[in-house]
Amino acid sequence: MTSETAPPPVHQEQPGPGVTVLRIDRPHRRNALDAPTVELLRTGLADAARRRDAAVVITGGDEFFSSGGDVASMPGPEDGLLAPAARLALIHDLVTSMVRADQVIVAAVERYAIGAAWGIVLACDLVVAGENAYFKAPFAARGLTADAGTAYHLPRRLGQQRAAAHLFLGEPLPARDARAAGLVTETVAAGSATARAVELATVLAAGPTQSNAVTKSLLAQDRADLAQFLANERTAMALANHGTDAQEGKRAFLEGREPRFS
């Protein structure tokens, strides 16, 4: 007997010279980010760097971007004090690699980018979103602290009060409002975000890739303290994950009900 091999959760494609597309493909989990998915995104970035590509497109396909961290695969208190921080370190490595990469990284967002997925989008250089897409940070509803750098990027780009509304109350941010706030480069018809992102990446590949890389490094100076923030975030996540709020939040999510925090 032969067993079927599960398809990889991320597909790497080269639609043209100098362009890499990384497509998350876990539709049965709404493209939730588990460890293998994050690792393959990081591998794809490294491969693009070795090829000296000009641009990388990160997409979830034409249906949705990602529902965020895969709650079912998240470690619990029984897995040890540092297990949550170790899981988060994978996402932090991805976010840091995105910011430091010479390649211009373009996010293509359909339907939604939630939680950690929003953190990944915030680390991109350009963002194309379907007109019906939205962004959301529902960490509090799950008894968790914000992760993937969302609490770093949002106050700096939206201001303290608007960021607090998203991080404490989980208010969604529609794509049109995200564009008005400077978090989205452009909005397009639903279902066409990836195609448009590839168009932008192709323009970048035909342009001055070396000077663009230098420009990106200058823009990254605005995030000079990101590494220290992410280290603090790992500590906060390890602490919060061992509290009763996180345990109830995870149970409620898996059971499909509203959490009952004490």
Side-chain angles (χ1 to χ4, degrees), residues 15 19-24 30-31 33 41 54-68 91 94-95 98-99 101 103-139 146-205 207 212 215-216 218-223 226:
V19 176
T20 288
V21 175
L22 302 177
R23 180 166 55 87
I24 306 169
R30 297 185 299 153
N31 286 352
L33 303 168
L41 288 172
V56 175
V57 174
I58 299 180
T59 177
D62 294 338
E63 294 297 322
F64 38 69
F65 186 77
S66 170
S67 58
I91 294 179
L94 172 62
V95 168
M98 292 168 63
V99 172
Q103 290 67 40
V104 177
I105 301 177
V106 187
V109 181
E110 296 286 359
R111 292 273 303 279
Y112 46 71
I114 297 174
W118 193 7
I120 289 173
V121 172
L122 288 166
C124 291
D125 303 297
L126 299 171
V127 179
V128 179
E131 59 189 2
N132 65 342
Y134 67 90
F135 305 88
K136 190 174 183 180
F139 301 104
D147 65 21
T150 51
Y152 177 90
H153 286 111
L154 289 181
R156 287 163 173 79
R157 298 167 70 180
L158 293 179
Q160 194 73 18
Q161 292 300 314
R162 292 185 67 186
H166 293 294
L167 295 173
F168 290 135
L169 304 175
E171 291 187 356
L173 182 66
R176 63 181 180 277
D177 294 338
R179 184 180 184 186
L183 298 183
V184 165
T185 309
E186 63 178 274
T187 56
V188 295
S192 63
T194 298
R196 178 56 179 157
V198 171
E199 287 180 0
L200 294 178
T202 302
V203 170
L204 291 164
N212 281 347
T215 297
K216 176 170 176 173
L218 294 174
L219 289 171
Q221 294 304 307
D222 190 47
R223 310 183 199 185
L226 176 60

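The shown structure was predicted, so the numbers you read here are calculated from the model rather than taken from an experiment.
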Would you say Ile24 and Leu41 make side-chain contact, with heavy atoms under 4.5 Å?
-> yes
How far apart are the closest heavy atoms of Pro138 and Gly115, and which atoms are they?
-> CD-N, 3.8 Å
Are any side-chain N or O atoms of Thr194 and backbone N or O atoms of Asp62, one a donor and one an acceptor, separated by less than 3.5 Å?
-> no
Audit row: Ile58, Met98, side chain to side chain contact (heavy atoms under 4.5 Å, CB included) steps and yes/no | CA-CA 11 Å; Ile58 299 180; Met98 292 168 63; 4.0 Å; yes
Should Leu183 and Leu158 count as side-chain neighbours, where that means a heavy-atom distance under 4.5 Å?
-> yes
Could you pull out all donor-acceptor pairs under 3.5 Å where a side-chain atom in residues 185-193 meets a protein atom, sequence neighbours excluded?
from, atom 1, to, atom 2, distance (Å)
Thr185, OG1, Val127, N, 2.8
Thr185, OG1, Val127, O, 3.3
Glu186, OE1, Arg196, NE, 3.0
Glu186, OE2, Arg196, NE, 3.3
Glu186, OE2, Arg196, NH2, 3.3
Ser192, OG, Ala189, O, 2.6

Residue pair Ala205 / Val19: nearest heavy atoms and the distance that separates them = CB-CG2, 3.9 Å
Shortest non-hydrogen pair, Phe135 vs Ala129, comes out as CZ-CB, 4.4 Å
Atom pairs and distances, side-chain donor-acceptor, residues 159-177, under 3.5 Å, sequence neighbours left out:
from, atom 1, to, atom 2, distance (Å)
His166, ND1, Glu171, O, 2.6

What pairs meet the side chain to side chain donor-acceptor pair (under 3.5 Å) rule with one or both residues in residues 113-136, with sequence neighbours excluded?
-> Asp125-Lys216
Hey, are the side chains of Ile120 and Leu33 touching, using non-hydrogen atoms and a 4.5 Å cut-off?
-> yes
With sequence neighbours left out, what residues match Ser67 under side-chain contact (heavy atoms from CB on, under 4.5 Å)?
-> Arg30, Ala32, Tyr112
Can you name the closest pair of heavy atoms from Val121 and Ala113 and give their distance?
-> CG2-CB, 4.0 Å
Would Val109 and Val184 satisfy side chain to side chain contact (heavy atoms under 4.5 Å, CB included), going step by step from the backbone distance to the final call?
-> CA-CA 10 Å; Val109 181; Val184 165; over 6 Å; no
Say you draw a straight line from CZ of Phe139 to CG of Asp147; how long is it, rounded to the nearest 0.5 Å?
-> 4.0 Å
Those residues at least two apart in sequence (or on a different chain) that pass side-chain contact (heavy atoms from CB on, under 4.5 Å) with Thr20 are Gln12, Gln14, Leu22, Ala48, Arg51, Asp53, Val56
Taking every non-hydrogen atom, the tightest pair across Asn31 and Phe65 | ND2-O, 3.0 Å
Listed partners of Arg179 passing salt bridge (Lys or Arg N to Asp or Glu O under 4.0 Å), at least two apart = none
